[in-house]
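See structure below.
Each chain gets a letter, A, B and so on, in the order the sequences are listed, and its residues count up from 1.
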Amino acid sequence: MALVRTRFAPSPSGFLHLGNARTALFAFLYARKTNGRFILRIEDTDQERLVPGSEASIYEDLKWLNLNWDEGPDIGGPLGPYRCSERYDVYKVQLKRLQKATRVYRCFCTTEQLDQDRALLSSQKKLIKYVGRCLNISDAESEKRAATENFVWRMHIPPGDPVVVNDVIRGKVEMSRDVIGDFVLGRASGVPVFLFANAIDDAVQEMTHVIRGEDHLSNTFRQVLIYQALGHEPPVFVHLPMIGSEGGGKLSKREGSLSIGDLRKEGFIPAGILNYLALLGWSPGDTAQTGEKFSLKELSERFDLERVHKGRALFDYQKLRFLNQQHLNDLSLEELAKLAPPRKPGLEGIWKDAIALVRQDAATLEELYRIDAFLAAPDLKSSPSATTILKGENPKKALQEGLSLFEKAVAGNQPAEVALKESIQAAGKTVGIKGKDLFFPFRVALTGVEAGPELVPLAKILGSSEIISRLKNAIEFTASNT
RNA sequence: GUCCCCCUCGUCUAGCCCGGUCCAGGACACCUCCCUUUCACGGAGGUAACAAGGGUUCAAAUCCCUUGGGGGACGCCA
């Protein structure tokens with residue numbers, strides 16, 4: 001079997017989104033699985049929609065995800081260039097070939113005319129396609145008008161057998177020729193439209209598998225017609241189901257958090273995102289036995305096109321979080337600290353110990369920074385927990401007793417964490433309280449809240465003088481909190 | 001409107017091709033309990049689905065048809 005070549009062909013008109021990223025992932029996985037090649041091609045034929053910087057950000061996001069390509073605009077390759085805007089001469093040559101093989105004619109219709117045509121057809125509840133106004137203009141007249149008028153090249157589709165697309169996921173799909181209108185291949189300037197450039201590039205760059213979103217399925221019939229006219233064997237088509245948003249609608253740009261860049265900012269890591277994405281529309285089939293956690297390497301080994309779903313899948317933030325957490329658990333404290341370094345000065349020395357206290361809770365790197373709230377002294381006045389817990393005689397007495405015991409203990413060179421634990425227990429005995437009645441006042445006094453990391457390890461990080469200061473503050477607070 | 005595609009728990013899915021082992025299995029979320037002097041983590045349970053209706057068959061989630069619902073396409077966007 002020939003070497004598998006798959007490609008990811010984004011247009012540099014925005015950032016890499018989840019849907020795109022999954023398409024890239026599947027193309028990548030299939031190439032890796034088959035020891036083939038994964039190619040990146042930038043489809044920048046529409047200069048108007050080009051967003052400066054987006055090409056660079058696509059590279060960055062793909063690299064961050066570890067979806068590395070074997071050929072591409074930045075690294076070159078044997079069948080380049082890999083940026084459509086640098087391939088206009090290729091399209092011109094192929095357009096000439098196509099003109100010899102089939103009817104390709106100039107269309108002088110204006111945008112306004114075409115809009116009117118479509119509006120009319122729509123109101124008549126008819127099939128919307130090109131009405132064929134310019135189809136019968138003679139070659140001589142066409143030539144003449146081309147000198148002064150703007151035009152596009154259209155490929156004529158005469159009646160004939162239905163066009164067949166063999167799709168790995170959907171099977172054999174047919175479309176009648178008469179619903180396919182004469183479509184545009186390119187502008188007078190030589191700039192092709194997507195449909196044409198894309199088909200040509202896939203053919204010329206010897207792609208064996210075209211893996212892309214289902215939204216391209218209806219384009220595929222036109223592209224097959226181009227392949228047939230040119231005498232190219234069409235690639236194997238793989239149209240992936242779409243991803244829908246949590247509410248069931250489109251996964252659109254308005255859901256800003258769904259771009260890879262934003263997910264990265266939210267503290268998701270590549271392994272988690274990739275794992276989640278792979279399971280969106282595909283399943284290895286035996287997850288009841290194996291579980292659902294897979295590394296990129298495992299995915300590369302297990303992936304297959306046959307098990308890709310037909311129906312669309314809805315994005316589920318919770319599950320993304322869950323899988324991200326699973327992969328976060330694999331990271332050592334060193335790695336975590338490197339990926340999520342302290343944001344406040346002076347924390348470098350204790351940072352690893354600090355994040356160790358919250359890593360169990362954290363589904364994202366960002367959630368590691370919850371520890372910051374405990375590292376800073378609490379503002380008891382604005383804490384609802386302090387107002388309710390640090391009330392009455394017992395908590396006050398316990399804190400006072402605890403503080404004095406703690407001060408003695410640390411003066412005797414006892415480590416802060418040991419001193420705190422023993423002081424709390426001793427204070428409880430003296431005052432005659434235990435359990436939550438005893439520990440909650442101390443927890444709230446030290447952190448301001450009732451829920452948080454374990455107190456004793458936290459004490460070790462905070463150090464004795466900080467604890468003393470917080471306890472004093474809390475005692476002071478109890479006096480005013482009546 | 002026309003064409004194409006799709007439809008198993010709330011969500012992701014296994015099973016469907018090759019009907020019986022499925023009064024449908026797993027995971028996320030949710031609920032309960034255990035662990036825990038907090039929250040979480042972890043552990044043990046639980047609620048919850050074959051879109052509907054017709055066929056075919058001894059037997060249908062699995063095969064066929066119809067209806068319904070959803071998505072995509074119909075650009076000098078990709």
Sugar-phosphate, base or nothing in reach of A/Pro453, heavy atoms under 4.0 Å:
base

Take the protein atom CZ of A/Phe221 and the nucleotide atom P of B/C4, then report the distance between them rounded to whole Å.
8 Å

Under 4.0 Å, counting only non-hydrogen atoms across every strand here, what does A/Gly181 touch: a base, just sugar-phosphate, or nothing?
nothing

Just the rounded figure in Å: distance from P of B/C7 to CD of A/Glu214.
10 Å

Verify the distance criterion only: is there a donor paired with an acceptor across the side chains of A/Ser382 and A/Asp379 at less than 3.5 Å?
yes

Taking pairing as Watson-Crick or G-U wobble with both contacts under 3.5 Å, can you name the mate of B/C50, or confirm there isn't one?
none

Looking across every strand, which nucleic acid part, if any, lies under 4.0 Å from A/Cys109 by heavy atom: base, sugar-phosphate, or nothing?
base

To the nearest Å, give me how far apart CD1 (A/Ile180) and C1' (B/C4) are.
11 Å

Expressed as a whole number of angstroms, how long is the span from A/Lys310:NZ to B/A61:P?
19 Å

Has A/Arg118 got a side-chain N or O lying under 4.0 Å from the OP1 or OP2 atom of B/G75?
yes

Considering every strand and a 4.0 Å limit on heavy-atom distances, what is the contact class for A/Asp437: base, sugar-phosphate, or nothing?
nothing

Report the nucleotide, chosen from B/U38, B/G71, B/A78, that has the shortest atom-to-atom distance to any side-chain atom of A/Arg312.
B/G71

Can you tell which of B/G1, B/C3, B/A78 lies closest to the side chain of A/Met175?
B/C3

Taking the C1' atom of each, how far is B/G46 from B/A51, in whole Å?
26 Å

Can you tell me how far P of B/C41 sits from CD of A/Glu454, to the nearest Å?
14 Å

Residue set satisfying side chain to side chain donor-acceptor pair (under 3.5 Å) with A/Thr290, at least two apart, ordered chain then number -> none

Only counting residues at least two apart or in another chain, list the ones meeting side chain to side chain donor-acceptor pair (under 3.5 Å) with A/Tyr276.
none

Which whole number of Å gives the distance between the P atom of B/G43 and that of B/C23?
29 Å

What integer distance in Å separates A/Arg22:CZ from B/C12:P?
12 Å

If the C1' atom of B/U36 is compared with that of B/G71, how far apart are they to the nearest Å?
48 Å

For A/Lys129 and B/C4, give me the distance from atom NZ to atom P, rounded to whole Å.
14 Å

Which residue lies more 5' along RNA chain B, comparing A/Glu450 with A/Ser122 via nearest heavy atoms:
A/Ser122

Taking side chain to side chain contact (heavy atoms under 4.5 Å, CB included) as the test, write out the residues that go with A/Gln289, two or more places apart.
A/Asp286

Give me the distance, rounded to whole Å, that separates B/C4 from B/G10 when you measure between the P atoms they each carry.
31 Å

What is the distance, to the nearest angstrom, from the CG atom on A/Leu323 to the P atom on B/U11?
18 Å

Looking only at the side chain of A/Gln326 (C-beta and beyond, no hydrogens), which of the listed nucleotides B/C3, B/G42, B/U11 gets closest?
B/G42

Out of B/C76, B/C6, B/A78, which has the shortest distance to the side chain of A/Arg170?
B/C6

Using the C1' atom as the reference point in each nucleotide, state the distance between B/A40 and B/U13 in Å, no decimals.
28 Å

Applying side chain to side chain donor-acceptor pair (under 3.5 Å) to A/Arg212 and not counting sequence neighbours gives A/Asn198, A/Thr220, A/Gln223, A/His239

Of all the choices, B/U38, B/C76, B/A78, which nucleotide is nearest to the side chain of A/Ser11 once you look at every atom?
B/A78

Taking 4.0 Å as the cut-off, does a side-chain nitrogen or oxygen of A/Thr45 come that near to OP1 or OP2 on B/A78?
yes

Going by atom types only, do A/Tyr130 and A/Asp117 share a side-chain donor-acceptor pair under 3.5 Å?
no

With sugar-phosphate taken as primed atoms, P, OP1 and OP2 and all else as base, the protein-contact string of nucleotides 14-35 of chain B at under 4.0 Å (heavy atoms; B, S, -) is SS----------BBBS------

Taking a pair to mean Watson-Crick or G-U wobble geometry with both distances below 3.5 Å, B/C35 pairs with none

Between A/Glu214 and A/Lys310, is there a salt bridge with N-O shorter than 4.0 Å?
no

Nucleotide opposite B/C9 in a Watson-Crick or G-U pair, distances under 3.5 Å
none

For RNA chain B, whose closest nucleotide is more 5', that of A/Gly435 or that of A/Gly311?
A/Gly311

Using the rule side chain to side chain donor-acceptor pair (under 3.5 Å), only one of A/Arg321, A/Gln325, A/Arg359 pairs with A/Glu367; which is it?
A/Arg321

Which part of the nucleic acid, if any, lies within contact of A/Val173, taking any heavy atom under 4.0 Å across all strands shown: a base, the sugar-phosphate backbone alone, or nothing?
sugar-phosphate

Enumerate the residue pairs fulfilling side chain to side chain donor-acceptor pair (under 3.5 Å) with a member in residues 434-453 of chain A, sequence neighbours excluded, ordered by first and then second residue.
A/Ser385-A/Glu450

Using ring centroids (six-membered ring only for Trp), state whether A/Tyr317 and A/Phe268 fall under 6.0 Å.
yes

According to the Watson-Crick and G-U wobble definitions, with both distances under 3.5 Å, which nucleotide is paired to B/C63?
B/G55

If I pick the P atom on B/U67 and the same atom on B/C22, what distance separates them, to the nearest angstrom?
35 Å

Separation between the P atoms of B/G26 and B/C7, rounded to whole Å
23 Å

Identify which nucleotide among B/C39, B/U13, B/A73 has an atom closest to any side-chain atom of A/Asp215, counting heavy atoms from C-beta outward.
B/A73

Let's see if you can work this out: which of B/C3, B/C12, B/G71 has an atom nearest to the side-chain heavy atoms of A/Leu280?
B/C12

Does the structure show a Watson-Crick or G-U wobble partner for B/A73, both distances under 3.5 Å? Name it, or say none.
B/U2

Suppose you measure atom P in B/C9 against the same atom in B/C50; what distance do you get, rounded to whole Å?
7 Å

Side chain of A/Val184, heavy atoms from C-beta onward: which of B/U2, B/C6, B/C76 has the nearest atom to it?
B/C76

State, with a plain yes or no, whether a side-chain heavy atom of A/Tyr88 is found less than 4.5 Å away from one of A/Pro192.
yes

Reckon A/Glu306 touches a base, only the sugar-phosphate, or nothing at all at heavy-atom distances under 4.0 Å?
nothing

With the side chain of A/Val193 defined as its heavy atoms from C-beta on, choose the nearest nucleotide among B/U2, B/C76, B/G42.
B/C76

Nearest to the A/Glu43 side chain among B/U38, B/C39, B/A78, which nucleotide is it?
B/A78

Applying a 3.5 Å limit to both distances, which nucleotide forms a Watson-Crick or G-U wobble pair with B/C22?
none

